[in-house]
Amino acid sequence: MDTVIRVSALRMRYGPFEAVRGIDLEVRRGEVFAFLGPNGAGKTTTVEILEGYRRRTAGEVDVLGEDPARAGPAWRARIGVVLQESQPERDLTVAECMRLYAGYYPAPRPVGETLELVGLAEQADAAATRLSGGQRRRLDVALSLIGDPELLFLDEPTTGFDPSARRAAWDMIAGLRALGVTVFLTTHFMDEAEHLADRVTVISDGLIVAEGTPGTIGGRERAAAEIRFTLPPATGLADLPPAVRAALADGEGEGRRLLLRADRPLTVLGPLIGWAEARGHELPDLEVRRPSLEDVYLALTANETAATEVP
Amino acid sequence: MASPKSAPPGDVVRLALHQFPYDLRAFLRNPQSRFFTLALPVLFLVIFASVFGGHNTVKVAGGTIDTSVYYVPGIIALGIIGASFVNLVISVTAQREAGVLKRRRATPVPAASVIAGRALTAVVVAVVITAVLLVIGWAAYHAHIPARTAPALAVTVIVGALSFCCLGYALTSVIRNEDAAQPVTQAVMLPLYFISGVFIASSVLPRWLVDVGNVFPVHHLVEALLTAYNPHTTGAGFAWTDLLIIAAWGLGGLLIALRRFSWLPRGG
């Protein structure tokens, strides 16, 4: 498969502090790749090296067939960058910002069409600095798309959004896939990665700690399922079938709301349901779930030492 | 961060000319820019010429001129510096801290085009301010518009504006954030205006203050403009020594800017 980004043994040192400690990455054409990690894990440093803003200390980096540290305008015309923090151009309208940036590229997309793509067509004549937070982010995305990039970097695109603005942004990002754009998404929202990404890589303390699809990362698909229910009235633990009692999680046998863990949930659910039906119990709050991506992520990054955020 | 694979020179010029009208439009739409850069020099000329003008005269090379007439080239210097130095430092620092420069850096636009496009705006604004002040001087204070020395005046305005742009980019590179830009530029320029013949004629200043002012480019810009503007000047009115000193300061600024200019926010 066509590889768009290939990184091997990447290291970045700021004085005595090593922010990135030898990582490998591979991003394939057309996928949405999520790069997750807590603040200070080396996420932004890595992205800024891939974007060509920073020079690495060591390692190999190939983005669209070139080394970003040495790439020129022709390479920049093939990428789009949405920065974590950037404000609109002052004293220009949305359409003027777009035309300014369109002029930077050899073969830009049409301005009107690009504004429609991000849902800003109505605001074309508004002053860019008058836009709401969500609209500004849309303008950032529109500016990053105006050059018709093959590869788009989105650095924490929905930080500070309310839930509905986040949903709208997700729809927009999902729409980029239809354009055939490869997306390198940085985020610390697990639901965002789960919703958008084809593949996920987690960085913690300068090292890659897990890679996979949102469904399999960190052995998530093999992890024990959690089964919860409340003991029906007038029953006790001793009344439960042995298979159910054996699955009780440690220290969870005290209250009436029980937590069971099972690698093969049917071996527990079968006897439990048979027992409940035979005695006419409803078990109305029965719940079965896999660990969420967030649970996996928190477990993976739990050993993170208090790393300092590097500018 | 200069890219080793740079754009062809034709692209640099074409994209600088693409950038220029957007920067100019943004400048004209900004109320602070309009007041401090366009209106304030006019206000200063009217105030200084009214307070100290009248029947007073100032000694200049070759004779004397009315004090109100003397203020025209001095305030032109202030106008040029306001457009090419003060306004540039404030707006470029703000753009850097807002991430605007960083975002532009991710596009194929060459660094030189962004820098030159903004400098072109500064030069055009400086030329416009000069023209406005010349007309006011002519209409209100009967100062002549120097046709014979016009080329010298034009060259001085452009050399001055370009040099102060370079100094502006140099100063921007050491200012940490947007809030510091305004006070720092004023702290640098206000004392220099006083000792360089902008607000007070050099002929009435103590010798040592003039000597201090002599070191800095503001004084030489005022002198070069006065030479081109002074009706007693014989010849074409080019103050070559002053122009050379201004250009040397500009070159020094350019060297600092090339080494230190940052596209990424400092966030200090």
Side-chain angles (χ1 to χ4, degrees), chain A residues 44 47-48 50-55 66-93 95-108 127-129 136 139-141 143-147 149 151-153 155 309 311, chain B residues 1-8 10-12 14-34 87 90-114 117-118 121 176 178 262-268:
Chain A
T44 297
V47 179
E48 290 194 339
L50 298 180
E51 291 165 344
Y53 283 117
R54 290 186 190 279
R55 285 170 191 280
E66 292 198 49
D67 178 350
R70 280 201 285 272
W75 178 82
R76 292 183 193 282
R78 298 168 64 200
I79 66 163
V81 172
V82 177
L83 298 168
Q84 196 177 121
E85 280 174 51
S86 63
Q87 290 159 34
E89 304 274 336
R90 270 190 211 176
D91 303 306
L92 292 180
T93 67
E96 284 166 350
C97 290
M98 293 294 287
R99 286 198 290 272
L100 172 63
Y101 277 65
Y104 294 160
Y105 291 89
T129 44
R136 284 183 183 202
L139 176 57
D140 282 342
V141 174
L143 290 173
S144 75
L145 289 174
I146 191 72
L151 170 62
L152 185 66
F153 292 96
D155 198 357
E309 183 82 55
Chain B
M1 258 191 318
S3 292
K5 283 183 194 165
S6 49
D11 279 6
V12 175
R14 182 178 59 78
L15 286 166
L17 292 175
H18 168 72
Q19 179 73 47
F20 159 66
Y22 291 93
D23 286 343
L24 185 62
R25 201 175 310 179
F27 170 88
L28 291 172
R29 279 197 194 137
N30 187 292
Q32 277 99 333
S33 297
R34 282 204 306 264
N87 183 258
I90 292 168
S91 67
V92 173
T93 307
Q95 285 182 327
R96 184 190 68 206
E97 292 309 308
V100 167
L101 293 183
K102 186 178 179 183
R103 183 172 53 212
R104 287 184 186 171
R105 202 70 195 93
T107 75
V109 69
S113 302
V114 172
R118 181 62 186 84
T121 294
R176 289 196 66 81
E178 193 185 339
S262 162
W263 297 87
L264 273 54
R266 292 270 174 91

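Lettering follows sequence order; numbering is per chain, from 1. Being a predicted model, the structure only gives us computed values, none of them experimental.
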Backbone of B/W263 reached by a side-chain donor or acceptor of A/Y53 within 3.5 Å: no

Contact winner vs chain B - A/C97, A/A74, A/P88, heavy-atom pairs under 4.5 Å: A/P88

Which atom of A/E96 lies closest to which atom of B/Y22, heavy atoms considered: O-CE2, 3.4 Å

Measure the spacing between CZ of B/R25 and CG of A/L92 and express it to the nearest 0.5 Å. 7.5 Å

Nearest atoms (heavy-atom pairs only) where B/V100 meets A/E89: CG1-OE2, 3.1 Å

Given the options B/P21, B/P108, B/G99, which has more heavy-atom pairs under 4.5 Å with chain A than any of the others? B/P108

First locate atom OH of A/Y104, then atom CD of B/Q19, and finally report the distance between them rounded to the nearest 0.5 Å. 3.5 Å

Minimum heavy-atom distance between A/L83 and B/R103, given as atom pair plus value: CD1-N, 3.7 Å

Pair count under 4.5 Å, heavy atoms only, with chain B: among A/V81, A/L100, A/I79, highest is A/L100

Is a salt bridge present between A/E85 and B/K102, judged by a nitrogen-to-oxygen distance below 4.0 Å? no

Contact origin within A/T129 toward chain B - heavy atom pairs under 4.5 Å: neither

Under 4.5 Å heavy-atom distance to chain B, tell me which part of A/R78 shows up: side chain, backbone, both or neither. neither

Distance col, row A/L143:CG vs B/T107:OG1, nearest 0.5 angstrom, shows 10.0 Å

Distance-minimising heavy-atom pair for A/R54 and B/L264: NH2-CD2, 4.2 Å

Please find the pair of heavy atoms, one from B/R105 and one from A/R76, that lie closest to each other, and give the distance. O-NH1, 3.1 Å

Could you have a look at B/R104, B/R14, B/Q95 and say which one has the most heavy-atom pairs with chain A under 4.5 angstrom? B/R104

